Structure formats: structure tokens, C-alpha cells
J.: 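Got a structure here, written out as C-alpha cells. Questions coming.
Fair warning: this is a prediction, and the values are worked out from it, not measured in the lab. All chains are named by letter (A, B, ...) in the order of the sequence lines, taking the proteins before the strands, and each is independently numbered beginning at 1.
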Amino acid sequence: MQIKLKLHNTLTGKKEIFEPLNPTHVGMYVCGPTVYGEAHLGHARSAIVFDVIFRYLQFLDYKVRYVRNITDVGHLEQDADEGEDKIAKKARLQQLEPMEVAQHYTDAYHRDMELLNVKKPGIEPRATGHILEQIELIEKIINNGFAYEVNGSVYFDVEKYNEHKPYGLLSGRKIEDLQSGTRELAGQSEKRSALDFALWKKAAPEHIMRWRSPWSVGFPGWHLECSAMSAKYLGEQFDIHGGGMDLMFPHHECEIAQCEAGNNASPARYWLHNNMITINGQKMGKSLGNFITLQELFSGNHQLLEQAYSPMTVRFFILQAHYRSTLDFGNEALQAAQKGYKKLINALRILKEFNYEEQSENIDEKNTQQINQICDNCFHAINDDFNTARLVAQLFNLVKKINSIHVHQIALHSIENATFNRMKELFTRFTEDVLGLKEEESFDGKALINALLEFYKEAKAEKDYETVDAVRAKLKQQGIVVKDMKTGIDWAYEE
RNA sequence: GGUAGCGUGGCCGAGUGGCUAGGCAGAGCUCUGCAAAAGCUCCUACAGCGGUUCGAAUCCGCUCGCUACCUCCA
């Protein structure tokens, strides 16, 4: 069965059949986090959405080069002309080296991503490690006449660029509309137009993140890193560029302009944007201060949280919605996700234990046909712009079949052998390999040992030595020895 | 103000012209020492008003409500 993968391309506003530049390889670049704070639910969504896309492309046997950057030169805060680097600001507050702050939050991000079972990208480049590449790109843009230098800073000339190629294609904006929407800062700006953006900024004396360049000692502009790093690792043209919808304008728009102006090529063929997480219908974000960090979610330590939610619950919650829809946070929804996740994972466990031996002579045509249909539907769902919500729905249809087989309402061997194998393979691979859901052990091993020791104690009191020996043997199999001491019963790891 | 989008059953959330998504919650039944799990059944909605159509949640128009982007943000 061959259905083509379709994806929604922000650049065209349409669903298109995915055709990579090279039929066997895919290059994908996703905007990663700016590491000046703890990762929150929004970061998780973006990471998980593109993780699933990465996983599914691999499932389809593409060789994928996945690049997700770490932004450790912060973007400018507030107005460009008086901006202070976010990382530098945080560093001053905490009396730390900027790189120390960046490292701390990078580590925190990695820790959270690992908990969420997000695969590591193939390359995770840092902006500070690619200052030279950024300088080179600026030089190309200047040489092509699309940037100008003022007092050691370099700005991108949006109007000039717009004469060459339309600016605003990605976000559906027209330069006239943008111009009417901005107000000129009288005399304060070095920029020729309010729409222009910085490629290089001369550092003020107190600015602690600084590098030498042909123009000044300073730091690169807000959008440059992604252009420089994607070109370096994926080439001037590659297949997929992803990120949050909030990055569409101006970040991705500027990226396109920079690449066109410097390399004369539109960087990505397909632009994918995930929608926002909302909280009471309002966007969750750093700027609004209404975000919930992943650590708070995992620990339940937040005013809005009624309980802790495990990483897999969070992952499942995100996958139950399509990535281009907003997803509203709520305790009720998270609790529903928790139950749903466990239902799915219980079925997976059962399925793995089925032992199909020999096909019976009486084939259950109806169920065999239905299972095949559901398997087909799984592909239709995921191939339709990575619709994980529909895929999950189909997997739950299989859960019903799996559970019915488990309680012998459907006879295992009445399902056609090939169909059973197909179900087993697809259910497992879609759940684990594509959706990235895994079994999460929610129990406490030590509590279980203590529970067993209760029985041990009771049996001993009743002089039921058969049970006593059995319990001791079972625990020993797990490398636990029971210690009968005068002071009470205890256990230890077997030495 | 400009641009884009959204409004689906108690909750979350798919669906873009006919073919009851799915999860959670609720009700009943089966199973069962009790309970749970599981299965089956039920609850069958598309903001409002008009229009197009044999047929609309789905297309068009209007009205109401909400949101996002235009400034850093996943």
C-alpha cells in the first residue's frame, strides 16, 4: 500500500505532496530554544511535533539529517537600538558568565527532552559556535547590495530587497501594510526604515557578549544564525524548515530574505509551523508570564496544576491534537490524556505477549477485514500532514481489537496470520517508533519489596514455611536477600 | 488600524459536501467472591441567521463571540 505523504506548506498555504530534493535523503532544520530559561509546555510541543516528523520520515526509510539549533546568543530585548542581549541580561542578574547561563539551560532542556523521549537531532549547532559563518553571510549580503553599515552596525535593507523579491511571502504580508503598521522612532534609529533589521550590532561598552568583525566589535543579529547554520549543514537549499508559528514573522521571513539576498536561494522548500499551546484560551508564553515549565508539570508544583503529569502523559496530550491547531491546557484534558495513554500502553503490553502459533481453519473474515482497514487508516492519518490525532484514534480502534483478543472475544488464530502480524508490527511501530510513546514505570520497586515482606512476616508468624521460602526465593531471583534480624525484617541487595 | 485564523456533544479534540473519528466523564449490560480491567450498548454535537445544493458541521454571505501575528517568544 503506497499513499503519498502530504504536508501543509506555510509558504504556499497548501497541502502538498512531499518530494525531497534528493529522493532518498531529507534535510530538516528546526528552530530550537533560546537558552535563557527553563523549557515550558510550548517548547515541548514544538520539540515533540518535529520529533514525530523526524521519526516518521525515518520510518519511511529516508535518511534524515535533522538540525535543531541552540540559540545561545540571546535575541535582543525590546528595541533593537537599546537592546540588551537576553543571555547577557540574565547573566548580569545572576552574576554568572553568559556561557554558564546558556550551558545551564541547555542542560536543563536536554534533560527535559530526554524525559519526553524526544530523539536528539543529528546536529545541534550553537549560534556562538558559528560567528564566522554569520559574518561571512553578512559580507555576501553587503556585496549583493542588500545591507548597509552605519556606525559599526549592519542592517538589512528590506525595501531594496523587496524590489528584488517580495518580502513577506511566508507570512502573507505586504510591505506596504507593514510600513503603515510601524511607527518611526524619530531620529533615534540608525536604520533607514523601521522594517530593516540588524545583521550585526556594535556592542555597547557594557555589553559582555562580543566578537570581532569587519564592522565593529559586536554581536550578530536576531535572525542570522539560522540562515548561516542551516546553509552550513544542509546546504543553501534543503527540504523542511520548522518552528513555532510565532516565529513565522519576523524570524522566518527574515531568514528567507537573508538567504535570498546572500545565496540567491530560498532556503527551504517546505515550511512547517506548529501552533501554540493556550491556557484559558490565551497563548502561553514567556512574554505573558503565564507559562508552565516542564519541571513544574512533571512535579505538579504549580498553582494551575491539580496533580503531577508524567512526561509520557504530556507527550500523549500533545499528540492527541493536530500540530497546526491550538491546544488548550487544562487539568481535565491532561487527566484524560493520562488515562488514554495508559490504556494504549496496556494494550501494547498485551499485544507483545500474544503468541500466534497456527492459523485456524475458520478465518474470522469480518475482524480480519476490519483490522486491515484500521491499519490502512493509520497510514492515511499520518500521511495527511502528520495528523497524529487521527493516528491515535485509529490506534485506539486497534486497542479494542487487541483487548477483545486478550479476553478471547475474538479468537487469536481466527485472525488471518498476515493480518495479525501486520497489526502487531504497525501498532508497535506507530506507538513506539513514530509517536515515541514508551512504557513508563509508575511503580516504586522498594514499595513492592516491602509489600512482599508483609506477606513474609505474616507467613512466618503462622509458621507457614513453604510460603516463607517461596517469598525468599522470588526475591532472591531479583537480587534481593531477606534479612531476618532480631530487630525486625529487612532486606539488602545480594552481595 | 492591517493581516491570518478559530467557534464541534459535559470536557479535550479529529473531520472540510453524503459513509456515526477517538480519548475522558456519565448511564446500562456482560464478566466477576469483592473490586478493577476489558467487551458490548446508550448519550450522536457542529456559535446564530440566511443562501447554494437532491444533500452542508463541511461551500458562500452576514451577524455575534474569541484568538494570534504586526515587538522578544516554541
J.: If I pick the P atom on B:rA27 and the same atom on B:rA36, what distance separates them, to the nearest angstrom?
T.: 12 Å
J.: When you check the phosphate oxygens OP1 and OP2 of B:rA37, does a side-chain N or O of A:N346 lie under 4.0 Å from one of them?
T.: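 No.
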J.: Give me the residues of residues 315-323 of chain A where at least one heavy atom lies under 4.0 Å from an atom of RNA chain B, by number, or none.
T.: A:Q320, A:A321, A:H322
J.: For A:Y233, what residues pass the ring pair (Phe, Tyr, Trp, His ring centres under 6.0 Å) criterion, not counting sequence neighbours?
T.: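 Expected list: A:H130.
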J.: The criterion is side chain to side chain donor-acceptor pair (under 3.5 Å); which residues satisfy it with A:N301, sequence neighbours excluded?
T.: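 Per chain and number, A:N301 pairs via side chain to side chain donor-acceptor pair (under 3.5 Å) with no residue.
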J.: When we call it a touch if two heavy atoms are under 4.0 Å apart, what does A:L247 touch: a base, just sugar-phosphate, or nothing?
T.: sugar-phosphate
J.: Round to the nearest Å and state the distance from A:H251 atom NE2 to B:rC73 atom P.
T.: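 Between P of B:rC73 and NE2 of A:H251: 7 Å.
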J.: Return the 5'-most residue of the pair A:V392, A:G32 with respect to RNA chain B, ranking by each residue's nearest nucleotide.
T.: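 With A:V392 and A:G32 compared, the 5'-side residue is A:V392.
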J.: Using the C1' atom as the reference point in each nucleotide, state the distance between B:rC42 and B:rA47 in Å, no decimals.
T.: 27 Å
J.: Choose from B:rA14, B:rG39, B:rC12 the nucleotide whose nearest atom is closest to any side-chain atom of A:S325.
T.: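 Shortest atom-to-atom distance from the side chain points to B:rA14.
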J.: What is the distance, to the nearest angstrom, from the CD atom on A:Q282 to the C1' atom on B:rC6?
T.: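 One finds 15 Å between C1' of B:rC6 and CD of A:Q282, rounded.
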J.: Can you sort out the partners of A:H302 under side chain to side chain donor-acceptor pair (under 3.5 Å), two or more places apart, ordered by chain and number?
T.: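 Result, side chain to side chain donor-acceptor pair (under 3.5 Å) vs A:H302: none returned.
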J.: Output all residues satisfying side chain to side chain donor-acceptor pair (under 3.5 Å) with A:K6, sequence neighbours left out; order by chain, then residue number.
T.: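 Side chain to side chain donor-acceptor pair (under 3.5 Å) check on A:K6 returns nothing, list empty.
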J.: Reading RNA chain B 5' to 3', what string of ( ), [ ], | and . shows its pairs, if Watson-Crick and G-U wobble pairs count only when both distances fall under 3.5 Å?
T.: (((((((..(((.....[...))).(((((.......)))))....(((((..]....))))))))))))....
J.: Please state the P separation for the pair B:rA68 and B:rC62 - nearest whole angstrom.
T.: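 It works out to 24 Å between them.
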J.: Provide the distance between the two P atoms, one in B:rA14 and one in B:rU8, to the nearest whole Å.
T.: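 To the nearest whole Å, 11 Å.
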J.: Under a 3.5 Å threshold, yes or no: a donor from one side chain and an acceptor from the other, between A:E16 and A:T12?
T.: yes
J.: Please list all pairs meeting salt bridge (Lys or Arg N to Asp or Glu O under 4.0 Å) that have one or both residues in residues 43-52 of chain A, counting only residues at least two apart or in different chains.
T.: A:D51-A:R55, A:D51-A:R315
J.: Can you sort out which residues in residues 105-124 of chain A have a heavy atom within less than 4.0 Å of RNA chain B? Ascending by number, please.
T.: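 Going residue by residue through residues 105-124 of chain A, none turns out to have a heavy atom under 4.0 Å of RNA chain B.
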J.: What residues form a side chain to side chain contact (heavy atoms under 4.5 Å, CB included) with A:D444, not counting sequence neighbours?
T.: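 By the side chain to side chain contact (heavy atoms under 4.5 Å, CB included) rule, A:D444 matches A:K446, A:A447.
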J.: Of the listed nucleotides (B:rG22, B:rC40, B:rC73), which one gets closest to any side-chain atom of A:K400?
T.: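 When the side chain of A:K400 is considered, B:rC40 is the closest of B:rG22, B:rC40, B:rC73.
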J.: Output all residues satisfying ring pair (Phe, Tyr, Trp, His ring centres under 6.0 Å) with A:F156, sequence neighbours left out; order by chain, then residue number.
T.: A:Y161, A:F197
J.: Would you please name every residue forming a side chain to side chain donor-acceptor pair (under 3.5 Å) with A:E100, sequence neighbours left out?
T.: none
J.: OP1, OP2 of B:rG39 versus side-chain N and O of A:N403: anything below 4.0 Å?
T.: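 A:N403 to B:rG39 OP1/OP2: side-chain N or O found under 4.0 Å.
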J.: I want to check one thing: is the phosphate of B:rG39, taken as OP1 and OP2, less than 4.0 Å away from some side-chain N or O of A:K401?
T.: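 For B:rG39, neither OP1 nor OP2 has a side-chain N or O of A:K401 closer than 4.0 Å.
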J.: Using atom C1' in both nucleotides, what's the gap between B:rA21 and B:rA37 to the nearest angstrom?
T.: 24 Å
J.: Out of B:rC24, B:rC69, B:rG13, which nucleotide sits closest to the side chain of A:K339?
T.: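 Shortest atom-to-atom distance from the side chain points to B:rC24.
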J.: Could you check which of B:rC73, B:rA21, B:rC24 has an atom nearest any side-chain atom of A:A336?
T.: B:rC24
J.: Can you list every pair that meets salt bridge (Lys or Arg N to Asp or Glu O under 4.0 Å) and has a residue in residues 329-355 of chain A, with sequence neighbours left out?
T.: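 Residue pairs with at least one partner in residues 329-355 of chain A: A:K352-A:E432.
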J.: Could you tell me if the side chain of A:W271 sits less than 4.5 Å from the side chain of A:I240, heavy atoms only?
T.: no
J.: Could you state the NZ-P distance from A:K283 to B:rU67, rounded to the nearest angstrom?
T.: 14 Å
J.: Is A:K343 close enough to B:rC24 that one of its side-chain N or O atoms is under 4.0 Å from OP1 or OP2 there?
T.: yes
